Structure formats: structure tokens, C-alpha cells
Amino acid sequence: MNTPQTSHTAEHEGSAAGAAPATSAVQAQHLPSVDRLLRQPEVAALVLDHGHTLVAAEARALLDSLRSRARAGELPAQALTPDALNQAMVDALQARLKPRLQRVLNLTGTVIHTNLGRALLADSALQHVMAMMAGPNNLEYDLASGGRGDRDTVVEELLCTLTGAEAATVVNNNAAAVLLTIAALARGREVIVSRGELVEIGGAFRMPDVMASAGATLVEVGTTNRTHPQDYERAITDKTALLMKVHTSNYAVQGFTSAVDEREIAVIAHGRGLPVATDLGSGALIDMAQWGLPAEPTPRQKIDSGCDVVTFSGDKLLGGPQAGLIVGSREAIGRIRKFPMKRALRMSKLPLAALEATLQLYLRPERLTQDLPTLRLLTRAQSAIQALAQQLLPEVAAAVAPRFSARTLDLQGQIGSGSLPVERLPSAGIALCPASRKGAGRALDELSDAFRHLPLPVIGRIRDNELLLDLRCLEDPLPFMRQLPLLAQALH
Ligand SMILES: *Cc1c(COP(=O)(O)O)cnc(C)c1O
């Protein structure tokens, strides 16, 4: 894409040296036609590779832009040499065919980063997806009977084994799981929720709005910091359909607080013949504390406490694809599965394959910190990250010198995706600081810009006049290191 501009600059230098004919701007009528451009040997080779449709469209666009420059008297003759035209075509095709969805390196220090695609899939999940997507499969076909099957059965047994629930179903994401649960169990009736749990998850997922979309009436009880069992008891009327708990995953209410746990709510609800649902959000399937990570409630604990429905995400702490998992009693799950909205929110075969393979990893919990990328990254020892930072420092420092200085430092990372918002992960990395105070802000922007524009974009975070690269999520440093010469170039 830059070729025409480069030759433009070269032309001005040329004109200073007095190379007359090559420097004169060309007129629009000297541009080749689309057909002639396509017949030019190198461009014809591009047509053989990519087909006529795409190459002709790019040729037209290129000639249009050259024509505007010619009309403005800004088109140097060099831009029309066969080499320059061919190079411009190669660049245009490359830009057009470059996917918008790109791999990046997450050096933000937030492991499950919603903006960077959340959980990474395990190798076995990637392989299962590839194998299942490449041909027909038994998504809704019962191989035993030869009759129609239900896609839920792909993961239902696994989910029941892992959570202790009687039944399970899956939808597109957890927001859909919550919406569907409320709609199926409480449409046209009332749902009781504590004021301390009316969460906004981000991306316009707010509990009161979800309630309204599901066609249920929200009945708030208690206060922001304290809710008591009597609050729930008093709010129950003959319009009540559901008592609901929401895990406050992205904030913490601290100090003078009191909440009623699921066990107590279940006793109150079941005494009146009502179900209890709890939205866990992140939904770590097993106890994270066994690896020294902050404890998160598990679906199994909630089922044991008497919840009729538990909803959680597939791509947060669980470490799988985007998914909304709904586990609970046979009765409640049956109603949810039969509700028409389920069909609109159902999971596609692609994440379903990834989910099945991910859940299977949990059958071998001893291997999880190796096999599941999310846990592998979360449990990475600070000492290992510190050692990596030391190892990479000299080359990084050389690449950013002399405009920036580099040093290693300890950092506080985050789990991310609203999980455990107050907890920090002791981590380490490299801080890059502008060498001169003057224009430091601009220099820092330029640096993070240069990192983001590498072929494999590197995303760090800026804090106090430094660009921080947290290395917790850099498992293989090679792709990062190989780009340092390009970074050095961009900074010159
Ligand atoms: C993240 C979250 C959701 C939404 O889950 P998605 O899978 O992102 O749709 C809902 N509730 C809670 C408590 C959450 O933390």
C-alpha cells in the first residue's frame, strides 16, 4: 500500500537532482485501462492465483485512486511503471485478504480478557472442533437407535458428573442462559432478587433489564449492603415464580454487609413450592483454592445447597468456548429446554464440540494445570515469569533504545472477565519508559502503537508513563522476540 507514496518521495528527491522527465506528474489519461493492467504479466499471474473477480475489483480501486492523484497533479510517472503497478496490486490484495480477526499477544496481565477473546482453547478442544467441523457428525442423531437425537446429550452427562446436577442444557452464552432461565420459569410473574446483587456485567447486561426482556417483574429486596432471610420471606406473594441469586462477579461489597446464601433461600423457597436459581457468572468447575488461587463458588456447591438452576459461562474460569451452561433439577431444566426461546439461543455445533472436549479435561483434574490453558496461565509461578522477564530484557532493551529504557519489574495481574475483581495475581514483566521527559506522553503512545502494529500485535498496558508488558500469558516467547527487529525499525 505504501509503494506509491514511497516512490512519490523518491521522485521529489529525484527532482532536486534534476532528473527531468521522470519527475513530471502524469495526467489521468495516461493511466492504463483495467484490462491492460490485468494483462500485464505479473498482474495476470495474480489473476491466475486469485481469480478475475477479486483482482479486477482491486485493479479498479487502484486505478481510481491513481486517477484522483493524477487529477490533483500529484502522480509521479514512477507510480505507473509495471513494477510499481504490480507492487501496488500485490499490496492491495494482501490488505484485502488480511482477516479482520487477528491473533494478538496478550501482555496486559489480565488472563481472561474479554476484549481479547477470553479463554484460550485446549489442544484437545481445538482438535475435536477441527475433526467435527470437517465432516458430518451425530449432532442431533442417536447412533444407538438411528432416530433423532438432542444436541444437549453431547454434554449433559458430563455436566451432571462434574456438577452433581440431575440435568443440564447449554446455550450460546451465560447472558442467554440467565435470560432463558428467567423467561422459562417466571415469564409474566415475579422474581425476587437482593438489591446487593443487581449487577451490570458490561455490554448492557444489567439484571433489571434482563428481567424486563424476559417478561418477568423484578422484586428487589434488602438494601445494597444487607439482605436478610425475612426480606425474601416477606416479598413472596402468589405472583412470585422464582427466587434468584446473582454472583457479584465484577465488584465486591465490603464492610457492613450481609447476604443470604443459597441454602437458606432454598429452604424458604422450597417451603413455598418455589424454585431457586443462581447465576454464578464465571463458574469455576472445581475448587481454585487447591492451586492457591482465590476461591470461587462452584456449581456443585450451589447444587448441593439446593439450587434448582445454576447458570455459568463457558469461556471464563471454565476455560472453554463461549457458552452458557445451565444445570439443575430435572424438573426445572425440562421446563427451560422446552421453552421456545431455547431454540433461538441454542448452541452451535462448533462451540459444542469445543465444550465437550474441554469438559472432558475435568475428568482428569490432576492434569488440568497442564492441559487447560486458562489454568496453566493462572497457575504459572511468579518466579518463572520473573526469569522469563530477565531473559528477554536485553533484546527488548536493545530494540527500543535509545528512545526508551527497559527494566524488569514485579507486577500485579488479574484473572479477568469480572472474575474475582479484588484479587491480584503476582506476576512480572518489562516496563518501557521514554528516555526523555519532554514529549513522554506522545512517545509512549507511539511505542504502544508500534507494538500494536506488529504483524502479531502486542497489547500491553500503560501506567504512570510506562508501557508495561506482563509476561504471564507469554508461554512461547519466540514469536514475540522474532518481531523485535521490526519494532526497532518502526521506532526509528
Ligand atoms: C459474565 C457474566 C454473565 C454473562 O456471561 P457471558 O457468558 O459473558 O454471556 C452473567 N452473569 C454474571 C454474574 C457474569 O459474571
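The shown structure was predicted, so the numbers you read here are calculated from the model rather than taken from an experiment. Counting convention: from 1, in listed order, for ligands and their atoms alike. Reckoned from all heavy atoms, side chains included, excluding hydrogens, waters and symmetry mates.
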Show the atom names and distances, to 0.1 Å, of all donor-acceptor pairs under 3.5 Å that link a side chain in residues 331-342 to residues at least two apart or in another chain.
unit_1: Arg335; atom_1: NH2; unit_2: Leu185; atom_2: O; d: 3.4
unit_1: Arg337; atom_1: NE; unit_2: Asp152; atom_2: OD2; d: 2.8
unit_1: Arg337; atom_1: NH2; unit_2: Glu156; atom_2: OE1; d: 3.4
unit_1: Arg337; atom_1: NH2; unit_2: Glu156; atom_2: OE2; d: 3.2
unit_1: Arg337; atom_1: NH2; unit_2: Ala168; atom_2: O; d: 2.6

key: Presence of salt bridge, Glu264 and Lys245, under 4.0 angstrom   = no
ask   = Would you call Glu140 and Arg346 a salt bridge, using N to O less than 4.0 angstrom?
value = yes
message = Within the 4.0 Å heavy-atom shell around His247, which atoms of ligand 1 are there?
response = 13 (C)
key: Options Gly283, Ala177, Ser313, Gly314, ranked by nearest heavy atom to atom 6 (P) of ligand 1, top entry   = Ser313
Identify each donor-acceptor pair in which a side-chain atom of residues 479-490 lies under 3.5 Å from a protein atom, sequence neighbours left out, and give them as a table.
unit_1: Gln483; atom_1: OE1; unit_2: Leu456; atom_2: N; d: 2.7
unit_1: Gln483; atom_1: NE2; unit_2: Leu456; atom_2: O; d: 2.9

ask   = Salt bridge check: are Arg452 and Asp449 linked by an N-O gap of less than 4.0 Å?
value = yes
note = Per-atom filter on ligand 1: closer than 4.0 angstrom to a heavy atom of Ala175 are 4 (C), 5 (O), 6 (P), 9 (O)
message = I want to know if ligand 1 touches Asp315 in the polar sense, i.e. an N/O pair below 3.5 angstrom.
response = no
ask   = At under 4.0 Å between heavy atoms, which part of Arg118 makes contact with ligand 1: side chain, backbone, both or neither?
value = side chain
query = Would you say Val178 touches ligand 1, if touching means a heavy atom closer than 4.0 Å?
reply = no
task = Step by step, work out the side chain to side chain contact (heavy atoms under 4.5 Å, CB included) result for Glu220 and Met207.
result = CA-CA 11 Å; Glu220 305 174 22; Met207 233 348 132; over 6 Å; no
message = Under 4.0 Å, counting heavy atoms only: does Glu197 come that close to any atom of ligand 1?
response = no
inquiry  = At under 4.0 Å between heavy atoms, is it the side chain or the backbone of Gln322 that contacts ligand 1, or both, or neither?
reply    = neither
